[in-house]
Amino acid sequence: MVASTHWLASAAGMGILERGGNAADAAVAAGFVLQIVEPHLNGPGGEVPIIVWNEEQERTEVIGGQGSAPAAASVDAFRELGLDLVPGTGLLPAVVPGAFGAWMTLLEEHGTMSVREVLEPAIGYADNGHPLLGRASGTLKTVSPLFLEHWPTSAETWLRQGRAPEAGERFRNPVLAATYRRLIQEAESAGGDREQQIEAARRAWYCGFVAEAIGDYASSTAVMDVSGEPHRGLITAQDLADWRLPVEEPVTYDYKNYTVAKTGPWGQGPVMLQQLALLEGLGLDDVVPGSADWVHLIVETGKLAMADREAWYGDPDFTDVPMQALLSAEYTRSRQALVGDRASLELRPGRPTEAPLRMPAYPDPLRRTAAGGGSGPGAGAGEPTVDASGETRGDTCHVDVVDASGMMVSATPSGGWMQASPAIPGLGFCLSTRGQMFWLQEDLPNTLRPGARPRTTLSPSFALCDGKPWLAFGTPGGDFQDQWQILLLLNLVHSGHDLQQAIDFPAFHSDHTPSSFYPREAFPGQLAIEGRFSAEVLADLERRGHRLVMGPEWSEGRLSAVAREGGWLKAGANPRGNQGYAVGR
């Protein structure tokens with residue numbers, strides 16, 4: 001079974017399985033296809049955290065494909081440029097591109113196929129073309145003036161004779177296809193051994209022609225960014241050569257008879273675990289799914305968990321994250337007492353230890369508080385929010401795979417968005433701007449530090465049921481990813497839904513917590529909700545103080561999932577947007 005946010009990626013993954021590949025092979029091939037067909041949502045220069053269950057090893061591991069900050073990236077370096085926030089576009093926010101290393105690690109440690117076999121589907125779509133998505137076309141139309149005036153390499157890569165391609169137009173990226181063919185050539189020059197070929201491809205990326213092209217361009221070219229000034233990048237070829245990809249144990253929490261596994265607190269994933277802990281003991285078993293009580297409890301516990309993310313989460317290699325205390329029963333009880341009948345309009349982090357509480361000084365914080373909820377991202381923010389400067393929020397994609405042996409993979413590729421950073425000459429792709437998630441304030445868990453990982457929003461998920469591997473799932477959506485994923489899990493656990501029903505069930509998300517993306521906006525109490533909820537539920541939520549933003553009937557999230565259940569393999573994908581696809585045999 002393969003489920004992803006684009007039908008061509010799902011089909012490519014399924015083709016790999018039908019040719020005898022396993023779940024790791026299929027996920028890698030699908031991931032590279034996603035870079036081609038959803039270039040506004042991810043790219044080769046981006047990142048991908050991956051959770052994999054290996055049936056032979058009977059364990060879950062996290063492949064931490066989030067690149068780190070360059071050695072020259074420091075608070076002082078940005079202050080010298082007169083900046084108090086890391087820009088959301090251009091070259092300054094670039095971090096080491098971790099996606100390629102993560103996919104190669106998954107292939108090497110868990111897969112069976114060669115570099116050529118997993119790259120060929122992506123090369124085919126880059127060479128021969130694919131129908132450009134409407135969202136991608138709209139994004140290019142928004143940023144084409146920026147490309148034409150300031151980012152000529154992007155105009156050459158993404159525009160066609162100075163214009164943005166139309167939705168459904170055949171779109172090719174021959175330069176990227178050539179980059180991947182050269183990687184295959186470098187791999188196969190190492191000989192016939194599969195592992196040697198994978199290592200050679202990795203060297204070509206991080207120590208060879210890819211790293212050199214990135215370093216040369218970033219150091220020699222000042223490009224316009226959202227600050228309104230042109231800047232060179234801080235990233236160098238040496239930063240790529242020095243980067244080491246971590247493979248880690250997941251953080252887990254037992255909710256009823258389910259064990260949920262997430263990345264460490266260098267990502268936002270543990271907020272779901274904190275929220276599950278908060279929901280236990282608050283009577284969710286007695287609440288009707290989809291009712292006002294249901295929505296209220298989920299939203300208010302989510303606000304508390306996300307507030308702790310703001311106060312405590314960061315790269316644990318550089319800061320002490322009290323994860324055990326944050327999930328402890330004693331701390332959870334103290335936080336449960338804060339959930340009342342009214343919607344909170346405050347950001348309320350807790351104190352799980354005696355360590356000092358360190359919160360960012362948000363720029364013009366929590367300012368959109370007008371009655372009616374302001375004008376925030378609102379419903380359907382699982383696709384990019386882009387302005388003419390290339391500033392982008394909430395764009396990502398996702399893929400899940402399960403094979404006949406029981407191996408399961410959940411991966412959330414993102415970054416390297418075509419609209420956020422200029423294309424690197426000769427490579428056909430651009431760099432991740434994930435560095436915008438760092439703070440330029442000293443002594444915060446997520447302060448910019450050379451070599452540190454930004455606290456990412458990317459959050460793949462995995463769950464066991466009664467100790468047996470059960471569910472791999474995820475969604476795009478920036479800060480909203482865990483809000484939508486917990487709805488899927490709770491729908492399955494509490495509502496008796498099957499997988500597709502749980503994905504289809506009416507959904508919502510809160511815009512309450514300050515965004516992880518430049519310029520860090522927040523909309524206290526704002527609740528984006530699909531139009532399929534009844535008038536009675538909506539009125540009850542407004543009475544409790546939630547500031548509702550109504551979306552269309554099918555507008556929230558882009559969930560996908562695969563499962564092992566009752567002797568069957570299952571898959572589901574989001575019908576919202578007519579783009580996600582689940583396939584199996």
Keeping the roles fixed (side chain from [X], backbone from [Y]), state whether a donor-acceptor pair exists under 3.5 Å.
X: S432; Y: V95; result: no
X: N54; Y: H110; result: no
X: T433; Y: T89; result: no
X: R358; Y: W312; result: no
X: R453; Y: G267; result: no
X: T179; Y: V175; result: yes
X: T157; Y: T153; result: yes

- Short side-chain donor-acceptor distance under 3.5 Å, T412 and H398: yes
- Message: With no hydrogens and no angle check, just 3.5 Å: does a side-chain donor-acceptor pair link T457 and D479?
- Response: no
- Query: How are the rings of F100 and W205 set to each other: parallel, tilted or perpendicular (split at 30° and 60°)?
  - Reply: parallel
- Message: Between the side chains of E108 and R202, is the shortest nitrogen-to-carboxylate-oxygen separation below 4.0 Å, so that they form an ion pair?
- Response: yes
- When you look at K262 and D482, which way does the salt bridge (charged side-chain N to carboxylate O under 4.0 Å, His left out) test go after all the steps? CA-CA 10 Å; K262 301 291 287 187; D482 285 290; 2.8 Å; yes
- Item | Cation-pi check, R455 onto F438 ring (under 6.0 Å, within 45° of axis) | no
